[in-house]
Amino acid sequence: MEQIKIDRINELAKLAKQRALTPEETAERTALRQAFLADFKKNLTDTLDHTYIVDEKGNKRKLEKKALIRLQNNNR
């Protein structure tokens, strides 16, 4: 997410502490927060997809998703 959008999220948070936000500001804040969370989740997923485990013998294997998450994704 661009720094400009993060700065705007922070501006809206500061405004919300000072006064009630207008409906437009509230909608903008919600959209920006959702975009931020989506970017955060994507970056975390990408990092975990490129993570490897090295055991005591030096064997390297990819990090696997838990079985529950795998089952949830198959049911979608």
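The first residue of the sequence shown is numbered 1, and numbering continues consecutively from there. A quick note: this is a predicted structure, and the numbers were derived from the prediction, not measured.
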May I have the list of side-chain donor-acceptor pairs in residues 9-18 shorter than 3.5 Å, sequence neighbours left out?
unit_1 : atom_1 : unit_2 : atom_2 : d
N10    : ND2    : I6     : O      : 3.4
E11    : OE1    : R8     : NH1    : 3.0

Got a second to check how far D55's CG is from K60's NZ, nearest 0.5 Å? 12.5 Å

NZ of K62 to CG of L48: how many Å apart, nearest 0.5 Å? 10.0 Å

Using the test side chain to side chain donor-acceptor pair (under 3.5 Å), find all partners of Q3 that sit at least two apart in sequence or belong to another chain. D7

Please determine which of T47, N43, D49 meets the side-chain contact (heavy atoms from CB on, under 4.5 Å) test together with T45. D49

How close do M1 and F36 get, heavy atom to heavy atom, and via which atoms? CE-N, 3.3 Å

Neighbour count above 12 (heavy atom, 6.0 Å) for I4 CD1: no

Check: E25 side chain, T22 main-chain N or O, donor-acceptor pair, under 3.5 Å: yes

Any Lys/Arg nitrogen of E24 or R29 sitting under 4.0 Å from an Asp/Glu carboxylate oxygen of the other? no

Pair listing, salt bridge (Lys or Arg N to Asp or Glu O under 4.0 Å) test, anchored in residues 30-48, at least two apart: K42-D46

